[in-house]
Amino acid sequence: MSTIVTRFAPSPTGYLHIGGARTAIFNWLLARHFGGTFLLRIEDTDLQRSQSDMTQSILDAMAWLGLDHDGEITYQSQRFDLYNEYIDKMLETGHAYWCSCSPEEVEAMREQARQKGLKPKYSGRCREAGLGPGPGRVVRLKAPVTGATLVDDMVKGPVSIDNAELDDMVLRRGDGSPTYNLAVVVDDATMGVTHIIRGDDHLNNTPRQILIYKALGFDLPRFGHVPMILGPDKKKLSKRHGATAVMEYETEGFLPEAMLNGLVRLGWAHGDQEIFSREELVSLFTADNLGSSAAVFDKAKLMWLNAHYIKESPASRLAVLLNAFLERRGFNNLDLDYLARIVPLLQPRAQTMAEMAEKAECFVVADEALVYDMAAVKKFFTDDVRGHLAHLRELLAGLCCFNHASMEAAVAGYLEERELKFKLVAQPLRVAVTGATASPGLFETIEVLGRERALARLDRALSL
RNA sequence: GUCCCCAUCGUCUAGCCUGGUCCAGGACAUCGGCCUUUCACGCCGGUAACAGGGGUUCAAAUCCCCUUGGGGACGCCA
């Protein structure tokens with residue numbers, strides 16, 4: 001039997017954003033789930049607005065998310081001949097005609113319709129004029145004026161639109177280039193695309209495209225229109241809502257699996273399950289569970305997912321990422337093995353890698369450059385406490401095994417002898433060694449820091 | 001303006017197709033508590049929703065209609 005073919009068809013006019021990434025994910029999952037093919041097509045027919053570096057950045061973002069495509073990438077800009085071939089075919093079969101109306105004239109027609117409270121459309125003036133080619137002339141689809149066109153949508157269900165609502169759309173521009181609707185249909189049909197999941201905003205376009213499919217005698221694919229992603233104010237997500245480009249999230253320290261998981265849950269669900277591995281998604285995803293109402297993008301939930309995946313990741317992998325984030329903060333030539341020992345202490349404490357890097361700073365900063373929270377120093381370093389700190393410093397210096405268990409035991413013993421509570425020295429020690437009042441477990445921290453650095457910091461703290 | 005789509009806690013959603021098991025379940029966020037050497041993690045608990053109105057039915061979150069609200073489309077953009 002025929003296998004599923006899906007596609008993602010971004011236009012290289014900007015970065016891959018949240019919404020585009022989600023439709024890419026849905027199409028990718030549908031293909032992978034059914035063992036089909038996932039194609040990638042760059043819609044760059046608008047030479048003015050398309051930028052080649054944008055194509056690369058879209059590819060990079062997809063690679064980051066792990067959305068691999070099959071076969072070669074199709075570029076619409078290289079298929080103009082093909083489009084023209086089909087336009088000519090429609091001209092021959094009487095499904096299209098030449099029109100000499102200027103854009104201004106058409107705009108006037110629309111304005112007139114608007115005045116009457118009707119839907120603005122082209123009047124069809126040249127429809128029966130029997131015009132031939134000519135400079136500046138466009139080719140229009142000779143669309144049916146009666147009846148209705150039905151879209152049997154995978155997510156919206158049956159959607160019917162009166163053909164009277166549609167006008168004779170332009171297929172070939174005055175400069176000879178094909179329009180979007182024509183190119184999309186020719187591409188999807190010739191590329192063998194069987195299922196198209198795309199944004200809600202294309203739903204109104206679909207009947208028009210179906211008309212072209214019919215005029216060309218192509219089989220119809222299945223369409224699925226997923227709702228738009230909204231900002232917290234329920235308006236279409238845009239830059240003013242903060243980060244919209246997928247790769248901005250990488251910069252902020254999100255893991256690709258968190259992004260994938262988070263995005264797929266916007267408009268798709270599988271019962272009460274929240275966490276999905278890539279493999280699970282592939283095996284569970286079908287268009288059946290796609291929701292039909294718009295979703296607000298909630299960064300807080302993405303944070304939670306990211307924190308979850310950070311906790312799950314092996315330290316060695318995170319160490320590499322942490323290194324990159326620390327480099328951005330000006331720390332170079334760090335030892336990955338050392339970072340891998342810091343990571344476990346920070347895994348439950350960081351929601352993003354950027355946050356982890358921030359918290360890791362006190363581990364990688366030079367002892368003499370460690371910044372102390374002076375308010376804390378003042379609060380905790382009383383004369384009495386300084387005395388204990390000095391003793392503890394000697395105790396740590398003489399410890400046989402420098403690990404947190406023996407450290408803890410030694411300190412406990414010291415305190416017990418004097419009938420003191422651990423609370424008395426816990427925060428002072430923490431401040432002395434990390435400079436701050438909040439940190440991972442005290443002894444784990446000291447262990448990772450190592451004897452030399454811990455003692456150096458204790459000495460420095462005592463001199464403050 | 002015209003057409004199309006949508007409507008369950010603040011947010012993501014389950015349930016809706018195949019009415020009763022739902023005085024609506026989960027998750028994030030939030031609030032309280034526990035744990036505790038700080039900060040987190042974790043655990044326990046709380047607040048919180050079927051937009052409104054009409055039908056249909058013994059019974060409606062679930063089916064139908066209307067209203068309202070939101071979104072989208074009406075390009076020689078994609």
Side-chain angles (χ1 to χ4, degrees), chain A residues 9-13 43-46 48-50 76 99 101-103 106-107 110 113-122 136-140 151 153 155-157 159-162 164-167 169-175 177-181 183-184 199-208 225 227-228 230 232 234-236 262 265-275 289 291-305 307 311 345-351 359 376 408 411 421-427 429-431 434 436-443:
Chain A
S11 149
T13 49
E43 312 221 317
D44 54 355
T45 50
D46 188 334
Q48 263 74 45
R49 299 205 305 159
S50 298
Q76 288 193 326
C99 168
C101 299
S102 69
V106 177
E107 187 39 51
R110 294 206 173 90
R114 261 190 283 264
Q115 301 281 301
K116 292 183 195 156
L118 297 173
K119 191 155 205 155
K121 353 187 275 183
Y122 169 66
R137 288 185 183 177
V138 302
V139 174
R140 286 181 183 277
V151 184
D153 199 87
V155 346
K156 306 279 188 189
V159 177
S160 172
I161 292 186
D162 283 343
E165 293 295 325
L166 279 21
D167 64 357
M169 79 191 108
V170 172
L171 303 174
R172 178 189 288 161
R173 302 190 182 98
D175 64 2
S177 63
T179 57
Y180 165 75
N181 282 114
V184 166
D200 227 352
D201 48 340
H202 287 281
L203 186 55
N204 288 280
N205 265 331
T206 308
R208 301 167 183 280
H225 289 93
M228 318 249 68
L230 277 22
K234 303 252 187 186
K235 301 281 183 213
K236 190 171 173 175
R265 282 287 286 104
L266 246 37
W268 180 83
H270 182 261
D272 287 337
Q273 191 171 343
E274 297 286 350
I275 306 291
N289 307 312
S292 52
S293 54
V296 172
F297 178 67
D298 182 20
K299 196 166 174 180
K301 190 153 187 175
L302 184 66
M303 286 276 204
W304 170 75
L305 275 169
K311 289 183 201 102
L345 306 193
L346 265 19
Q347 273 175 302
R349 295 177 169 80
Q351 290 199 289
K359 290 189 155 79
E408 189 157 8
V411 172
K421 291 246 180 77
F422 183 50
K423 274 196 191 296
L424 181 73
V425 296
Q427 283 301 75
L429 260 178
R430 188 187 312 284
V431 171
T434 68
T437 53
S439 83
L442 184 54
F443 297 117

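Computed from a predicted structure; not experimentally measured.
Here A:Pro440 lies in heavy-atom contact (under 4.0 Å) with a base. A:Gly117 comes within 4.0 angstrom of sugar-phosphate atoms only, judged by non-hydrogen atoms across all strands, and of no base. As judged by a 4.0 angstrom heavy-atom cut-off over every strand, A:Gly157 is placed among residues making no nucleic acid contact. A:Asp162 comes within contact range of no nucleotide atom at all, as no heavy-atom separation falls under 4.0 Å. Base contact: A:Leu442 has a heavy atom under 4.0 Å from a base atom. Counting non-hydrogen atoms under 4.0 angstrom, A:Glu165 reaches the backbone sugars and phosphates but no base. Base contact: A:His202 has a heavy atom under 4.0 Å from a base atom. A:Ser292 comes within contact range of the sugar-phosphate backbone alone, with a heavy-atom separation under 4.0 Å but no base atom that close. Residue A:Cys99 is classed as having no contact, given no heavy-atom separation below 4.0 Å to the nucleic acid. Contact annotation for A:Lys121: no contact, since no heavy-atom pair falls under 4.0 Å across all strands. Among the heavy atoms of the strands, none lies under 4.0 Å from A:Pro227. Across all strands shown, A:Ser439 has heavy atoms under 4.0 Å from base atoms, whether or not it also approaches the sugar-phosphate. Using a 4.0 Å heavy-atom criterion, one finds that A:Arg430 contacts the bases of the nucleic acid, with or without backbone contacts as well.
Of all nucleotides listed (B:U37, B:C28, B:C4), B:C4 comes nearest to the side chain of A:Ile161. Between B:G42, B:C76, B:G1, one nucleotide has an atom nearer to the side chain of A:Pro120 than all others, and that is B:G1. Taking every side-chain heavy atom of A:Lys156 into account, B:C6 is the closest of B:U2, B:C77, B:C6. Here the side chain of A:Glu408 is nearest to one of B:A78, B:U37, B:C4, namely B:U37. Comparing B:A78, B:A29, B:G26 by their closest approach to the side chain of A:Asp272 singles out B:G26. When distances are taken from the side chain of A:Val138 to each of B:C3, B:C76, B:C28, the shortest belongs to B:C76. In the set B:G72, B:C76, B:C4, the nucleotide with an atom closest to the side chain of A:Met228 is B:G72. Of the candidates B:C74, B:A78, B:C41, B:C41 carries the atom nearest the A:Pro348 side chain, counting heavy atoms from C-beta on. Distances were taken from every side-chain heavy atom of A:Arg110 (C-beta onward) to each of B:U37, B:C76, B:A78; the shortest belongs to B:C76. Distances were taken from every side-chain heavy atom of A:Tyr180 (C-beta onward) to each of B:C12, B:U37, B:A78; the shortest belongs to B:A78.
Side-chain atoms of A:Asp200 stay outside donor-acceptor range of the base of B:A73, with no qualifying N/O pair under 3.5 Å. Between the side chain of A:Lys301 and the base of B:C12 there is at least one donor-acceptor pair of N/O atoms closer than 3.5 Å. Contact of A:Glu274 with B:G26 (side chain to base): a donor-acceptor pair of N or O atoms is detected under 3.5 Å. No hydrogens or angles were tested; on distance alone, a donor-acceptor pair under 3.5 Å links the side chain of A:Arg349 to the base of B:C39.
No hydrogens or angles considered: a donor-acceptor pair under 3.5 Å links the side chains of A:Asp175 and A:Ser177.
Separation of the P atoms belonging to B:A24 and B:G10 is 15 Å when rounded to the nearest angstrom. For the C1' atoms, the distance from B:U62 to B:U8 is 11 Å, rounded to whole Å. Taking atom P in both B:G52 and B:C34, one finds a spacing of 39 Å when rounded to whole Å. Only the C1' atoms considered, B:A60 is 13 Å distant from B:G15, to the nearest whole Å. Spacing of P atoms, B:U30 relative to B:G71, comes out at 27 Å, to the nearest Å.
Between A:Arg430 and A:Pro440, the shortest heavy-atom distance links the atoms NH1-O, 3.1 Å. In plain terms, the two heavy atoms of A:Val296 and A:Leu266 that are nearest each other are O-CD1, 4.1 Å. Across all their heavy atoms, A:His225 and A:Val155 have their closest contact at O-CG2, 3.0 Å. Residues A:Gly262 and A:Leu302 approach most closely at CA-CD1, 4.2 Å, considering heavy atoms.
Taking a cutoff of 4.0 Å between a charged side-chain nitrogen and a carboxylate oxygen, A:Arg208 and A:Glu165 do not qualify as a salt bridge. Look at A:Arg140 and A:Asp167 and you find no salt bridge, because none of the NZ, NE, NH1 or NH2 atoms lies under 4.0 Å from a carboxylate O.
In a base pair of the Watson-Crick type (N1 to N3 plus N6-O4 or O6-N4) or a G-U wobble (N1-O2 and O6-N3), with each distance short of 3.5 Å, B:G45 is matched with B:C31. Pairing for B:U68 is with B:A7, a Watson-Crick or G-U wobble pair whose two hydrogen-bonding atom distances lie under 3.5 Å. Figure legend. B:C74 is base-paired to B:G1; pairs are counted as Watson-Crick or G-U wobble with both atom distances under 3.5 Å. Nucleotide B:U37: unpaired (no Watson-Crick or G-U wobble partner with both distances less than 3.5 Å).
Side chain of A:Arg265 to main chain of A:Trp268: a donor-acceptor pair is present (N/O by atom type, distance under 3.5 Å, no hydrogens or angles).
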